[in-house]
Protein chains: 2
Amino acid sequence: MPDITIYEIAEEAGVSASTVSRVINGYPYIKKSTRNKVMKVLESRHFVPNESARDLVNRSTRMIGILIADIRTAHNSDGIFYVEQEFRKHGYSCLICNTGYEMADTVSYIQKLSQRKVEAVVLLGSIYQTHEVEEAIATYIPKTPVAIVSGSLQGDNVYGIMSNEKLGVMECVRFLVEKKRSCIAFGINHSSPLNLIKKEGYLEGMAKYAAASSPLVFETGKGVELMKESIAYFVKEHPEVDAYIFSEDFMGMIALQLFSEMGMAVPDQVSVIGINNSNFSKVSIPPMTTLDTKLYDTCQIAVHCLLDAIEGEHVSKLISIFTEIVERETT
Amino acid sequence: MPDITIYEIAEEAGVSASTVSRVINGYPYIKKSTRNKVMKVLESRHFVPNESARDLVNRSTRMIGILIADIRTAHNSDGIFYVEQEFRKHGYSCLICNTGYEMADTVSYIQKLSQRKVEAVVLLGSIYQTHEVEEAIATYIPKTPVAIVSGSLQGDNVYGIMSNEKLGVMECVRFLVEKKRSCIAFGINHSSPLNLIKKEGYLEGMAKYAAASSPLVFETGKGVELMKESIAYFVKEHPEVDAYIFSEDFMGMIALQLFSEMGMAVPDQVSVIGINNSNFSKVSIPPMTTLDTKLYDTCQIAVHCLLDAIEGEHVSKLISIFTEIVERETT
DNA sequence: TTGTATGCGTTATCAA
DNA sequence: TTGATAACGCATACAA
């Protein structure tokens with residue numbers, strides 16, 4: 001497309017291109033009359049500067065890359081929202097990459113972000129805590145500040161921000177024990193690093209607060225149907241269980257549906273605790289007790305780490321904040 | 001950052017910059033030996049071309065803009081997923097803009113996309129069906145193909161893709177009437193153009209299939225608490241209602257929670273139909289009957305319209321596909 | 001098959 | 001206060 005340039009504006013306004021550039025960028029020492037003249041032409045022609053050209057000469061794009069495995073999961077889209085919102089306040093645009101779960105694809109996304117010269121990248125999710133990603137960062141964006149939310153990674157330019165979910169899950173166990181639950185099980189939908197941490201929390205919590213009973217962990221795989229089947233199977237195999245902690249609210253939802261169908265009363269016969277304090281936990285029947293993992297806060301911190309790092313300021317490499325149990329009616 | 005350029009590669013490989021450029025772009029007439037020589041240097045230095053420079057000279061960015069009001073709502077993140085996935089298959093990256101509900105902000109996003117020289121834009125949601133947006137398109141991106149899914153808009157370069165939700169909701173009414181429901185109400189959470197269309201469908205459906213009873217429509221406002229309050233209020237005012245159609249599954253979830261708390265049996269005492277066939281409708285108690293509005297298909301069509309338009313091919317300006325009722329256990 | 005020269009649209013340096 | 005002119009990193013027409 002024969003796009004309009006500052007030269008055409010310059011010609012029409014009877015000045016040089018540099019003058020046009022100056023008024024666009026708010027350079028102060030310009031005669032008021034010429035500024036007005038140029039402004040008028042700018043507006044009448046709906047001029048918008050070409051960002052590619054600007055980026056090239058300014059050597060800065062004011063773009064941020066955000067990586068998530070699947071934008072459709074609530075926790076991820078919430079995270080994007082918080083990160084994008086905060087960056088936008090500071091004048092940055094976000095390039096969002098839905099990488100899927102294959103690390104090879106993730107690596108190629110990191111390459112792409114490097115081509116696009118993003119000024120920072122946010123990795124949303126512990127699944128990025130892998131050697132491949134670490135290497136990709138080291139080879140393609142060794143100087144670009146990177147934050148990983150819910151995880152940690154080696155590298156001078158990478159920052160890890162997480163909430164203490166291990167401790168959080170331990171507290172969930174304690175909470176349940178205090179509610180007189182005697183047999184507590186733990187379910188995850190896949191073995192992400194974060195889920196493994198939660199599992200550790202469960203295990204240590206059991207050892208600490210329910211040493212008498214032996215821990216029960218199961219994994220379901222992803223997808224509504226698969227989760228439901230696996231949970232159903234586990235429930236039948238373990239009728240003695242009177243409390244469940246699930247690695248995600250959504251699993252809790254499915255369990256609640258299942259219990260309802262089986263005629264098991266919640267929380268009288270069985271308690272449920274989810275994780276993340278998502279919308280799901282608010283609209284479930286009954287409303288679900290959940291571990292708030294403070295996504296908003298971690299995202300906020302991640303953005304500010306990155307902003308500082310872009311400015312060249314020193315920031316700490318690893319930050320952890322506290323989780324909080326939100327008690328509702330499934331416990 | 002002193003990024004590495006093709007000139008440094010050229011020097012190290014003992015050739016000219018143009019030769020380097022040629023091997024990068026797969027230009028055929030190059031001696032195998034020099035190609036290999038250059039390739040080797042390219043890889044050893046982890047060279048990645050500067051996209052800003054490429055865009056500038058190629059006059060094309062292979063970037064697509066996607067606008068949504070709030071990425072956190074499931075329907076929106078699903079839409080982004082489908083659109084992004086399909087565009088990526090064709091080598092495009094997506095710049096995702098979370099505009100919020102203010103049209104002034106949307107307009108400034110459209111300006112930004114124009115600066116970034118995106119090659120097409122996707123408007124996800126009927127809320128963009130406004131005069132401001134129409135004007136912004138006409139003045140800032142009059143030559144850029146634009147698709148609006150779930151809506152329509154004037155403009156030579158804009159395409160509207162939607163499913164026939166009016167007819168769909170009419171069918172919902174009929175469906176309920178056939179289930180011997182005698183008093184059917186309709187709830188929306190805000191007055192988007194699409195929700196108004198659904199309302200029309202409800203009204204026409206009532207006129208056609210339930211002429212004896214008078215239609216009952218109410219609006220709740222957004223947010224979990226607000227929705228719940230408003231629904232509760234309406235339910236108390238209208239004990240005669242024995243079936244609800246909600247403009248979104250999420251509203252249905254909240255209603256289901258409310259009915260459970262009130263001891264109203266679903267579907268025996270009251271039926272519920274949601275819209276969109278989202279995950280919510282699958283995990284509700286009981287699983288929710290819903291109108292599938294075929295988001296995947298509309299997104300797919302939108303992308304291919306745009307792809308064709310980018311190629312300069314003629315495509316039809318307005319496309320509508322059919323919805324489908326997914327019967328589960330709330331009816 | 002390869003190198004030289006030029007331009008893409010903008011900003012920055014230097015003079016005037 | 002303003003205007004030439006030279007980059008920015010890459011791709012291509014033209015020459016060789």
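The analysis underlying the following values was restricted to heavy atoms, covering all of them including side chains, and did not include hydrogens, waters or symmetry mates. Chain letters run A, B, ... following the sequence lines, proteins first, then strands; residues in each count from 1. Quantities reported herein were computed from a predicted structural model and do not represent experimental measurements.
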Which atom pairs link the protein and nucleotides 12-16 of chain D when you take only N or O atoms and keep those under 3.5 Å?
from, atom 1, to, atom 2, distance (Å)
D:dA13, N6, B:Arg22, NH2, 3.1

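When heavy atoms are screened at a 4.0 angstrom cut-off, A:Ile6 is found touching base atoms of the nucleic acid. B:Val15 comes within 4.0 angstrom of the backbone, heavy atoms only, and of no base.
In this structure, A:Lys112 forms no cation-pi arrangement with A:Tyr140, as its terminal cationic atom is not both closer than 6.0 Å to the ring centre and no more than 45° off the ring axis.
Rounded to whole angstrom, the span from the CD1 atom of A:Ile30 across to the P atom of C:dT11 amounts to 12 Å. Atom OH in A:Tyr27 sits about 11 Å away from atom C1' in C:dT13, given to the nearest Å. The CZ atom of B:Arg116 sits 17 Å away from the P atom of C:dG9 (whole-angstrom rounding).
Counting heavy-atom neighbours within 6.0 Å of B:Glu11 CD, excluding the residue itself, gives a total of 12 or less.
One finds a side-chain N or O of A:Ser16 lying less than 4.0 angstrom from the OP1 or OP2 phosphate oxygen of D:dG3. In this structure, B:Arg54 does not reach the D:dC10 phosphate: none of its side-chain N or O atoms is under 4.0 Å from OP1 or OP2.
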| task | For the pair A:Asp55 and B:Arg116, evaluate salt bridge (Lys or Arg N to Asp or Glu O under 4.0 Å) and give the outcome as yes or no after the intermediate values. | result | CA-CA 10 Å; A:Asp55 292 347; B:Arg116 289 254 175 242; 3.2 Å; yes
| said: Working note: B:His304 + B:Val315, criterion side chain to side chain contact (heavy atoms under 4.5 Å, CB included); need CA distance, chi angles, decisive distance, verdict. | reply: CA-CA 9 Å; B:His304 286 277; B:Val315 295; over 6 Å; no
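A salt bridge does not link A:Lys143 to A:Asp156: none of the charged nitrogens lies less than 4.0 Å from a carboxylate oxygen. Under a 4.0 Å N-O distance rule, the pair B:Arg45/B:Glu12 qualifies as a salt bridge.
Residues from residues 31-45 of chain B placing a heavy atom under 4.0 Å of any atom in DNA chain C, listed by number, are B:Lys31, B:Thr34.
In this structure the side chain of A:Lys222 reaches within 4.5 angstrom of the side chain of A:Tyr101, judged on heavy atoms.
Applying the salt bridge (charged side-chain N to carboxylate O under 4.0 Å, His left out) test to residues at least two apart or on different chains, the pairs with a partner in residues 77-93 of chain A are A:Glu84-A:Arg88, A:Glu86-A:Lys89.
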